[in-house]
Number of protein chains: 2
Amino acid sequence: MTNPSLYPRPALTVDCVVFGLDQQGLQVLLIQRDVPPFAGEWALPGGFVRLDESLDAAARRELSEETGVRIEYLEQLYTFGAVDRDPRERVVTVAYYALVKLASHAPVAATDARAAQWFPIGSTPKVAFDHEQILTAALERLRGKLRRKPVGFDLLPPRFSLRQLQQLYEQVLGRELDKRNFRKKILGMDLLVETDERESGVAHRAARLYRFDVKKYQRLCLQGFHFEV
Amino acid sequence: MTNPSLYPRPALTVDCVVFGLDQQGLQVLLIQRDVPPFAGEWALPGGFVRLDESLDAAARRELSEETGVRIEYLEQLYTFGAVDRDPRERVVTVAYYALVKLASHAPVAATDARAAQWFPIGSTPKVAFDHEQILTAALERLRGKLRRKPVGFDLLPPRFSLRQLQQLYEQVLGRELDKRNFRKKILGMDLLVETDERESGVAHRAARLYRFDVKKYQRLCLQGFHFEV
DNA sequence: CCAAAAGTGTTTCACGTACACCCATGC
DNA sequence: GCATGGGTGTACGTGAAACACTTTTGG
């Protein structure tokens with residue numbers, strides 16, 4: 001490893017897969033490109049990494065600039081570096097995925113002029129570059145993460161019903177779960193605290209709302225506790 | 001996302017954590033730097049990504065140039081991009097980890113002039129840059145991977161005893177396992193085939209040697225089989 | 001014959017899974 | 001009063017964990 005300045009360099013970008021949850025299920029946020037290549041096509045929000053910012057910071061900045069969503073959870077996913085993934089020239093991209101509380105946002109949130117839109121997983125349009133591959137990888141990672149870490153709560157409002165929680169797991173894991181077993185398991189971890197609030201605006205018995213006790217989770221983790229659904 | 005050539009770019013490198021297993025346990029391969037910064041200190045093998053090679057290709061090339069080891073398994077780990085991780089200038093590195101069959105190599109393998117040396121996990125010297133952090137991340141990832149995928153066989157010779165396999169798991173996972181339960185579980189997966197060879201050169205009853213049936217594993221995976229130790 | 005590791009079964013307990021009914025509420 | 005989902009307990013089976021002794025071989 002000699003002097004770095006002697007080598008021609010790939011361009012370096014970050015791209016983000018933003019997941020949100022609403023009544024229709026799990027959604028991804030895409031933006032419409034306004035410049036070539038792939039002008040007019042949908043793509044993941046992202047952009048170039050600046051010299052004075054870390055990769056995480058670049059991801060957060062791009063998300064804030066392009067979508068204005070408030071990020072609950074952000075994790076680096078994988079770095080994609082196929083030689084021809086950008087037709088212009090060599091571009092390596094560090095992909096991230098993010099979770100947001102979709103319920104608290106306007107359905108389409110975009111701070112700058114670009115169109116941003118939520119698409120249900122499984123009904124995404126054709127996307128630019130190798131972004132399809134990134135989307136797939138992100139979803140796979142989310143599935144694994146959700147089972148092993150309590151990140152699901154970052155997709156839900158601060159207070160939620162057990163039904164909401166169960167539906168989240170069902171949608172992301174792609175299979176049905178038994179109501180009684182699910183409640184037994186989740187409540188058995190002793191990480192949810194009952195609030196005295198209840199669901200409102202439903203045409204049936206209102207469900208009790210719970211909140212996730214982050215502090216308690218962190219304490220348990222130090223004692224070797226392992227979250228798993 | 002406008003024209004990439006308008007932005008100043010970070011330098012981009014790959015660094016590899018190479019794991020091998022011998023009688024002393026799990027080892028990591030480090031090389032001694034011969035140029036500043038950190039000249040004389042130990043570091044992970046790695047180097048700059050060229051414009052005409054993918055990230056994986058760059059990792060393989062660097063490993064071959066700097067260490068000459070034959071790679072059994074290679075996986076991208078994480079991309080490290082703190083602003084000041086290289087004192088010279090902004091350098092982002094894509095870290096990989098690799099598994100090699102150490103028994104079949106000379107204890108120190110280096111094809112070019114640089115010193116390369118194996119160090120036991122837990123007795124590594126001070127390393128340059130943020131390589132300590134990368135090492136830690138690699139070990140953590142290896143632990144998880146080993147439990148969920150049959151990558152352990154990439155650290156063992158093609159024919160191995162159950163004891164060797166068990167010791168591998170004990171060393172990497174950092175805890176003792178019950179011999180009978182271990183054998184029951186492993187043999188129960190029906191992925192090891194008995195060979196008619198036995199251990200040699202031991203001062204006690206010689207153990208039977210097994211080999212891992214990759215084909216069968218792949219077939220089972222398609223049917224939803226899930227490896228777990 | 002002694003040291004050292006190979007090889008082998010059973011019992012116990014925890015946890016996952018399957019499964020059905022009454023209750024509260026809004027309309 | 002009816003439709004809709006909220007909320008609850010039990011029985012069964014599978015799989016993990018604990019546990020000790022006999023066999024083989026080399027020196």
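Since the structure is predicted, the reported quantities are computational estimates derived from the model, not experimental observations. Below, read A as the first sequence line, B as the second, and so on, with proteins coming before strands; counting in each chain starts at 1.
- Along DNA chain C, the nucleotide nearest to B/A203 and the one nearest to B/A206 differ in position, and the one closer to the 5' end is contacted by B/A203.
- Between the P atom of C/dC15 and the CG atom of A/D178 lies a distance of 18 Å, rounded to the nearest Å.
- Atoms CZ (B/F160) and C1' (C/dA5) sit 18 Å apart, rounded to a whole Å.
- Here C/dG7 presents its P atom at 12 Å from CD of B/Q164, a figure rounded to the nearest Å.
- Closest to the side chain of A/H204, from the set D/dG6, C/dA5, C/dC19, is D/dG6.
- B/R205 has its CZ atom 4 Å from the C1' atom of C/dA6, to the nearest Å.
- Taking the six-membered ring for Trp and the full ring otherwise, A/F129 and A/F38 have centroids separated by under 6.0 Å.
- Checking C/dC19, D/dG7, C/dT8 against the side-chain heavy atoms of B/K179 singles out C/dT8 as nearest.
- Contact check, B/R183 against C/dG7: a side-chain N or O comes under 4.0 Å of OP1 or OP2.
- B/E199 has its CD atom 12 Å from the C1' atom of D/dG26, to the nearest Å.
- Atom-to-atom distance recorded for B/I134:CD1 and B/R85:CZ is 5.5 Å, nearest 0.5 angstrom.
- Between A/F227 and A/F225, the angle of the ring planes goes over 60°, which puts this pair in the perpendicular group of the 30/60° scheme.
- A/Q167 and A/Q171 are not linked by any side-chain donor-acceptor pair at a separation below 3.5 angstrom, with hydrogens and angles left out of the test.
- Using bins of under 30°, 30° to 60° and over 60° for the plane-to-plane angle, the ring pair A/Y97/A/F19 lands in the perpendicular bin.
- Following rounding to the nearest Å, B/N181 (CG) and C/dT8 (P) show an atom-to-atom distance of 14 Å.
- Atom CD in B/Q166 sits about 14 Å away from atom C1' in D/dA17, given to the nearest Å.
- Screening B/D22, B/V18, B/L26, B/V28 for a side chain to side chain contact (heavy atoms under 4.5 Å, CB included) with B/W118, the sole residue that qualifies is B/V18.
- Looking at heavy-atom distances under 4.0 Å, B/R208 makes contact with sugar-phosphate atoms alone, never a base.
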Item to check | A/D154 and A/V100: CA distance, side-chain angles, deciding distance, side chain to side chain contact (heavy atoms under 4.5 Å, CB included) verdict | outcome: CA-CA 6 Å; A/D154 292 319; A/V100 308; over 6 Å; no
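- Rounded to an integer number of Å, the gap from A/H226 NE2 to C/dC15 P is 14 Å.
- Within residues 184-191 of chain A, the residues having any heavy atom under 4.0 Å from DNA chain C are, by residue number, A/K184, A/K185.
- Judged by atom type and distance alone, B/R163 does not reach the base of C/dA4 through any side-chain donor-acceptor pair under 3.5 Å.
- When distances run from any side-chain atom of A/R180 to the nucleotides D/dG6, D/dG9, C/dT8, the shortest one goes to D/dG9.
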